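Computed from a predicted structure; not experimentally measured.
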Amino acid sequence: MSSVTWIEILVEEPSMEAALQALVPKIRPDLGFQVHAFQGISDMLAKLPARFRGYAAWLGDDQRVVVVRDEDRKDCVKLKVEIEKMARDAGLVPRSHRSASFQVLTRIAVEELEAWLLGDAQALAMTYPGVPSTLGQQARYRDPDAIKGGTWEALQAALQKAGHFPGGLPKIQVAREVAANMDPERNASRSFRAFRDGLRAL
C-alpha cells in the first residue's frame, strides 16, 4: 500500500473548515489536503452519499477521506455507523473494518468544535487578552467534551467575561484565530486528540 500523501476532509460547517486549515499542517505537515464545508449537518448527510460515490471513482491508494462532524449531544457510535454505512454503500472501505487499506476515517467533535478550542486554554489566552491561561483548570472547563449547557455557550461566556464579542460570538473568526495559536500536543479535549491521532495514524 502506498504512503498517504493527500487527504480530503469533509466537515459540516465553515468554522470547522477555518480551524482545520490552521490545525492540519501542525498535525501532519507532510500531507496535502483540502477541506470541504457543508452548510450544516442536514446538508452534509444529504450530500455525503453522492460525494462518497465520486471519491470511489477516483480515490488513489495514497489518498484518504476524513469526515469530521459534531456530536451535538447524539450517540457517537451511531453517528459513525451512519456515516460509515454511506461510505460502504458507495464502495469505499471505512476505518472500522480494521483494514490496512481503509479509505474513510470518521471523527466526531464532542460536542462540537468549540470543545476543541476550549481544550487549549493557552491558545485562547494568547488570542484574546484577558482570558486566563488557567481557564482549563476551572471546574466548568476542565473536561471540554463534558461541559454542561453547551460548549459554544461556554466559550462565548469565557470570551465575553474577558471583554470580547459582547454582541455574540463570530464562530468562523474565532475558530480561525484560536486555531492559529493552538498546539496539538496540549489539547485537553479527548475528541480532538482522537482526531489528531487518527490523522497521524494514516
| task | Decide yes or no for F38 and K47: does some side-chain heavy atom of the first lie under 4.5 Å from some side-chain heavy atom of the second? | result | yes

| query | How many angstroms lie between OG1 in T151 and CG in D145, if you round to the nearest 0.5 Å? | reply | 8.5 Å

| field | For D62 against S3, the heavy-atom pair lying closest together | value | CB-O, 3.1 Å

| message | Apply side-chain contact (heavy atoms from CB on, under 4.5 Å) to residues V178 and L155 and explain how you reach the verdict. | response | CA-CA 11 Å; V178 176; L155 178 60; over 6 Å; no

| note | For P170 and G168 the tightest heavy-atom approach is CD-O, 3.3 Å

| task | Enter the distance from M16:CE to W116:CH2 here, rounded to the nearest 0.5 Å. | result | 4.0 Å

| Hey, is the main chain of R140 close enough, under 3.5 Å, to the side chain of Q138 for a donor-acceptor pair? | no

| message | Treating S189 as the side-chain partner and F192 as the backbone partner, does any N or O pair qualify as donor plus acceptor under 3.5 Å? | response | yes

| Do V35 and L10 come within less than 4.5 Å of each other through their side chains, counting heavy atoms only? | no

| message | Using modelled atom types and a 3.5 Å cut-off, is there a donor and acceptor pairing between side-chain atoms of K26 and backbone atoms of A179? | response | yes

Enumerate, atom names and distances included, each donor-acceptor pair closer than 3.5 Å involving a side-chain atom of residues 194-202, sequence neighbours excluded.
| residue | atom | partner | partner atom | Å |
| --- | --- | --- | --- | --- |
| R196 | NH1 | P184 | O | 2.8 |
| R200 | NH1 | E185 | OE2 | 3.3 |
| R200 | NH2 | E185 | OE2 | 2.3 |

| At what distance, to the nearest 0.5 angstrom, does CD of E112 lie from OG of S191? | 10.5 Å

| said: Quick check against the 3.5 Å criterion: does D120 have a side-chain atom that pairs as donor or acceptor with the backbone of D183? | reply: yes

| task | Answer with yes or no whether the side chains of E177 and Y128 bring together a donor and an acceptor at under 3.5 Å. | result | yes

| task | Let me see the working for Y55 and Q103 under side-chain contact (heavy atoms from CB on, under 4.5 Å), right down to the final yes or no. | result | CA-CA 10 Å; Y55 285 135; Q103 298 164 294; over 6 Å; no

| Which heavy atom of A115 sits nearest a heavy atom of P144, and at what distance? | O-CB, 3.3 Å

| message | When you measure from the side chain of E13 to the backbone of G40, do you find a donor-acceptor pair of N or O atoms at a distance under 3.5 Å? | response | no

| message | Before you tell me yes or no, could you show the steps for R51 and E8 under salt bridge (charged side-chain N to carboxylate O under 4.0 Å, His left out), namely the whole-Å CA-CA distance, both residues' side-chain angles and the distance that decides it to 0.1 Å? | response | CA-CA 11 Å; R51 182 66 68 111; E8 295 276 315; 5.2 Å; no

| Within a strict 4.5 Å, meaning less than it, do heavy atoms of the V104 and V67 side chains meet? | yes

| Is the shortest side-chain N to carboxylate O distance from R95 to E84 below 4.0 Å? | no

| query | Nearest 0.5 Å, what's the CZ-CD1 distance between R69 and I41? | reply | 3.5 Å

| request: Before giving the answer on side-chain contact (heavy atoms from CB on, under 4.5 Å), spell out for V4 and D30 the whole-Å C-alpha distance, their side-chain angles and the decisive distance to 0.1 Å. | output: CA-CA 9 Å; V4 176; D30 58 314; over 6 Å; no

| request: With side-chain contact (heavy atoms from CB on, under 4.5 Å) as the test, would you mind laying out the steps for F33 and R28 before giving the verdict? | output: CA-CA 10 Å; F33 71 98; R28 284 294 302 267; over 6 Å; no

| Heavy-atom pair with the smallest gap, counting every atom of A37 and E17 | CB-OE1, 3.3 Å

| field | Non-hydrogen side-chain atoms of H164 and P129 separated by less than 4.5 Å | value | yes

| remark: What one should report as the nearest heavy-atom pair of Q160 and P166 is NE2-O, 3.6 Å

| said: So, taking the atom named CD in E12 and the one named CG in D43, what distance separates them when rounded to the nearest 0.5 Å? | reply: 10.0 Å

| I172-V24 co-clustered via ILVMFWY side chain contacts under 4.5 Å | no

| So if you build clusters from Ile, Leu, Val, Met, Phe, Trp, Tyr with side-chain heavy-atom gaps below 4.5 Å, do I9 and V93 land together? | yes

| Rounded distance [0.5 Å steps], CZ in R64 versus CG in L31 | 10.5 Å

| said: Could you check whether any side-chain heavy atom of R107 comes within less than 4.5 Å of a side-chain heavy atom of K80, counting everything from C-beta outward? | reply: yes

| said: Is there a continuous path of hydrophobic side-chain contacts, each under 4.5 Å between heavy atoms, that joins I27 to V68? | reply: yes

| field | Shared hydrophobic cluster for V131 and M126 (ILVMFWY, side-chain gaps under 4.5 Å) | value | no

| With a 4.5 Å heavy-atom cut-off, do F52 and D89 have their side chains touching? | no

| Test item: V11 and H36 side chains (from C-beta on) under 4.5 Å apart, heavy atoms | no

| task | Mind listing the closest non-hydrogen atom pair of A162 and G130 along with its distance? | result | CB-C, 3.5 Å

| field | Q122 and S133 side chains, donor-acceptor separation under 3.5 Å | value | no

| Between Q63 and W58, is any pair of side-chain heavy atoms under 4.5 Å apart? | yes

| said: Any carboxylate oxygen within less than 4.0 angstrom of a Lys/Arg side-chain nitrogen, looking at R190 and D143? | reply: yes

| task | Look only at the side chain of Y141 and the backbone of T134, and say whether a donor-acceptor pair between them is shorter than 3.5 Å. | result | no

